[in-house]
Amino acid sequence: MATPVDTLLVRIETDMKGVREDLKRLERRTQQSTNKMNNSFSKVGKVVKLAMVAVAVKEIARMGLAMVNLASDAREMQNKSSVVFGIYTKDLRKWADDFGKSIGRSKFELEEMAASVQDTFVPMGFARKEGLELSKTLTKLAVDVASFNNKADAEVMRAFQSALVGNHETLRQFGVVITEATLKQELLSMGIEGGTKAATEQEKVQARLNLLLAGTSDAQGDAARTVDDYASKVKAMQAAVKDLAIGLGQTLIPIALEIVDIFTNVITTLDELFKKMGIIQENAKDTTVRLMQKNAPLIEKLMADNNIEEAMKVWN
């Protein structure tokens, strides 16, 4: 005979069986949910990875394009340099490389500065060899004056170049004053009487250069003296980055040229295809103009007869 305790145990067992089944169902649902979440996170992870790769590729492409542009500009500059220095180009580039390393400047920037002023000296009548030495001197002076006055090297060189051809005001910011009287006195010191009217353009340029050198004596050598200063270190770092970027860009130029050629061919092919399909009308503008010229007398007559509706039809 079952006792109340036995009956209670049976009920408890029955209830626990239901609980266990509920727990198992809960476990299965939890596992299913977990699997779904894992799959979702896996998909999200793949998307994030793809997005990161896309961003990385975009940035690499942007940097590559910037380097190619720098290298292209450097190549254009060196093409000019080769012309203005002629047989002395190799000499100039070696000097720019050595001088750049000694003071922490870009050899390409130094060459560009020297080439810009050589392009002034030669047309003024200086021989290329003489112009080479003057270009070195003026480039070095521009770097020193820039260092002394905390200016950009290229900015100072532009001011010097402008002053050499007669715009003396550009030098006042550096404490150099050239007037008609001082120029006349310098020409006289060079053995040229009669002032600027009697002097050749080459002689006037030489006189201005002499006055410029005399007026910047305190600044001369400043780039070398301050090579360990913070500002100089920053310029050296920027120069190193630029030279590296140009070097890498020169390596990438052949690849960039191939890409440009491919895109050009694709565009040309599409243009021809669209013309054949009638999407693009070849010489459509010229055809319209010819039709307007041909119909102009008729339109004019219709307008004169107040037959505006017919005139619009012909026009359209």
Trainee: Let me have the donor-acceptor pairs involving side chains of residues 145-152, under 3.5 Å, with sequence neighbours excluded, atom names and distances please.
Mentor:
from   : atom 1 : to     : atom 2 : distance (Å)
Ser147 : OG     : Asp222 : OD2    : 2.6
Ser147 : OG     : Thr226 : OG1    : 3.2
Asn149 : ND2    : Val145 : O      : 2.9

Trainee: Check Val177 against Thr182 and note the closest heavy-atom contact, atom names and distance.
Mentor: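 Closest pair (atom of Val177, atom of Thr182, distance): O-OG1, 4.2 Å.
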
Trainee: Say whether Val205 and Leu171 are linked into one hydrophobic cluster, either directly or through other cluster members, by side-chain heavy-atom distances under 4.5 angstrom.
Mentor: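 Per the 4.5 Å side-chain linkage, Val205 and Leu171 are co-clustered.
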
Trainee: To the nearest 0.5 Å, what is the distance between CG (Leu134) and OG1 (Thr139)?
Mentor: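 The OG1 atom of Thr139 is 10.5 Å from CG of Leu134, to the nearest 0.5 Å.
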
Trainee: Check whether Glu109 reaches the backbone of Ser106 with its side chain - one donor and one acceptor, N or O, closer than 3.5 Å.
Mentor: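 No; judged by distance alone, with no hydrogens or angles, the pair does not exist.
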
Trainee: Hey, is the main chain of Gln206 close enough, under 3.5 Å, to the side chain of Arg208 for a donor-acceptor pair?
Mentor: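 Pair absent, no side-chain N/O of Arg208 close to backbone of Gln206.
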
Trainee: Can you get from Val117 to Leu110 by hopping between Ile, Leu, Val, Met, Phe, Trp and Tyr side chains that sit under 4.5 Å apart?
Mentor: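 In one cluster: yes.
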
Trainee: Would Asp153 and Lys140 count as a salt bridge (charged side-chain N to carboxylate O under 4.0 Å, His left out) if you check the C-alpha gap in whole Å, the side-chain angles of each, and the deciding distance to 0.1 Å?
Mentor: CA-CA 10 Å; Asp153 300 341; Lys140 184 178 183 303; over 6 Å; no

Trainee: Indicate whether any N or O donor in one side chain lies under 3.5 Å from an N or O acceptor in the other, for Ser135 and Arg128.
Mentor: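 No, no side-chain donor-acceptor contact under 3.5 Å.
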
Trainee: Atom CH2 of Trp95 and atom NZ of Lys107: how far apart are they, to the nearest 0.5 Å?
Mentor: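 If I round to the nearest 0.5 Å, the distance is 14.0 Å.
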
Trainee: Between Ser102 and Phe99 (side chain of the first, backbone of the second, donor and acceptor by atom type, cut-off under 3.5 Å), is there such a pair?
Mentor: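 It does hold such a pair.
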
Trainee: Checking Gln220 against Asp144: is there a side-chain donor and acceptor pair closer than 3.5 Å?
Mentor: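 There is no such pair (donor and acceptor under 3.5 Å, judged by atom type) between the side chains of Asp144 and Gln220.
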
Trainee: Is the side chain of Arg105 donor-acceptor paired with the backbone N or O of Asp97 at a distance under 3.5 Å, no angle test?
Mentor: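 Answer holds: no.
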
Trainee: Side chain of Ser217, backbone of Leu213: donor and acceptor closer than 3.5 Å?
Mentor: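 Side chain of Ser217 to backbone of Leu213, a donor-acceptor pair under 3.5 Å: no, none is there.
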
Trainee: With a 3.5 Å distance limit and no angle check, can you tell me whether Thr200 reaches the backbone of Glu203 through a side-chain donor-acceptor pair?
Mentor: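 It does hold such a pair.
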
Trainee: Using side chain to side chain contact (heavy atoms under 4.5 Å, CB included), reason through Met190 and Gln185 one step at a time and then give a plain yes or no.
Mentor: CA-CA 9 Å; Met190 293 166 56; Gln185 182 59 46; over 6 Å; no

Trainee: Using a 3.5 Å distance criterion without hydrogens, assess whether the side chain of Glu186 forms a donor-acceptor pair with backbone atoms of Ala207.
Mentor: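 No, the answer is negative, given that no donor and acceptor are paired below the 3.5 Å cut-off.
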
Trainee: Around atom NZ of Lys184, are there more than 12 heavy atoms from other residues, nucleotides or ligands closer than 6.0 Å?
Mentor: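 Atom NZ in Lys184 is not crowded, with 12 or fewer foreign heavy atoms closer than 6.0 Å.
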
Trainee: I'd like a table of donor-acceptor pairs (distance under 3.5 Å, sequence neighbours excluded) in which one partner is a side-chain atom from residues 156-164, with atom names and distances.
Mentor:
from   : atom 1 : to     : atom 2 : distance (Å)
Gln161 : NE2    : Ser116 : O      : 2.8
Gln161 : NE2    : Thr120 : OG1    : 3.0
Ser162 : OG     : Asn167 : ND2    : 3.0

Trainee: In Å, rounded to the nearest 0.5 Å, how long is the span from NZ of Lys204 to CE of Met124?
Mentor: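 Nearest 0.5 Å value for the NZ-CE distance: 8.5 Å.
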
Trainee: Please determine whether residues Val165 and Val176 belong to a single hydrophobic cluster, defined as Ile, Leu, Val, Met, Phe, Trp and Tyr linked transitively by side-chain heavy-atom distances below 4.5 Å.
Mentor: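 Yes; tracing contacts between hydrophobic side chains, which count when under 4.5 Å, links both residues.
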
Trainee: Would you call Asp98 and Lys94 a salt bridge, using N to O less than 4.0 angstrom?
Mentor: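 Result for this pair is yes, salt bridge flagged.
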
Trainee: Measure the spacing between OG of Ser81 and CZ of Arg93 and express it to the nearest 0.5 Å.
Mentor: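 Reported to 0.5 Å precision, the distance equals 5.0 Å.
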
Trainee: Does the Gln118 side chain pair with the main chain of Val84, one donor and one acceptor, at a distance under 3.5 Å?
Mentor: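 Judged by distance alone, yes, a pair lies under 3.5 Å.
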
Trainee: Using a strict cut-off of less than 4.0 Å between a Lys/Arg side-chain nitrogen and an Asp/Glu carboxylate oxygen, indicate whether Lys129 and Glu133 qualify as a salt bridge.
Mentor: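 Salt bridge between Lys129 and Glu133, a charged N being under 4.0 Å from a carboxylate O: yes.
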
Trainee: Is it possible for you to say whether Leu132 and Phe126 belong to one hydrophobic cluster, with membership spreading through side-chain heavy-atom contacts below 4.5 Å?
Mentor: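 Yes, one cluster joins them.
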
Trainee: May I ask whether Ile87 and Leu92 are part of the same hydrophobic cluster, defined by side-chain heavy atoms of I, L, V, M, F, W, Y residues being less than 4.5 angstrom apart, directly or through others?
Mentor: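 Linked within one cluster.
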
Trainee: So which atom in Thr89 and which in Gly86 form the shortest heavy-atom distance, rounded to 0.1 Å?
Mentor: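 Between these two residues, the closest heavy atoms are OG1-O, 2.7 Å.
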
Trainee: How many angstroms lie between CD in Glu180 and NE2 in His168, if you round to the nearest 0.5 Å?
Mentor: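 Here the interatomic distance stands at 8.0 Å.
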
Trainee: Between atom CZ of Arg225 and atom CD1 of Ile103, what is the distance when rounded to the nearest 0.5 Å?
Mentor: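 It comes to 12.5 Å.
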
Trainee: Is the backbone N or O of Gln78 less than 3.5 Å from a side-chain atom of Ser82, with the two atoms forming a donor-acceptor pair by type?
Mentor: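 Yes, because the side chain of Ser82 sits within donor-acceptor range (under 3.5 Å) of the backbone of Gln78.
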
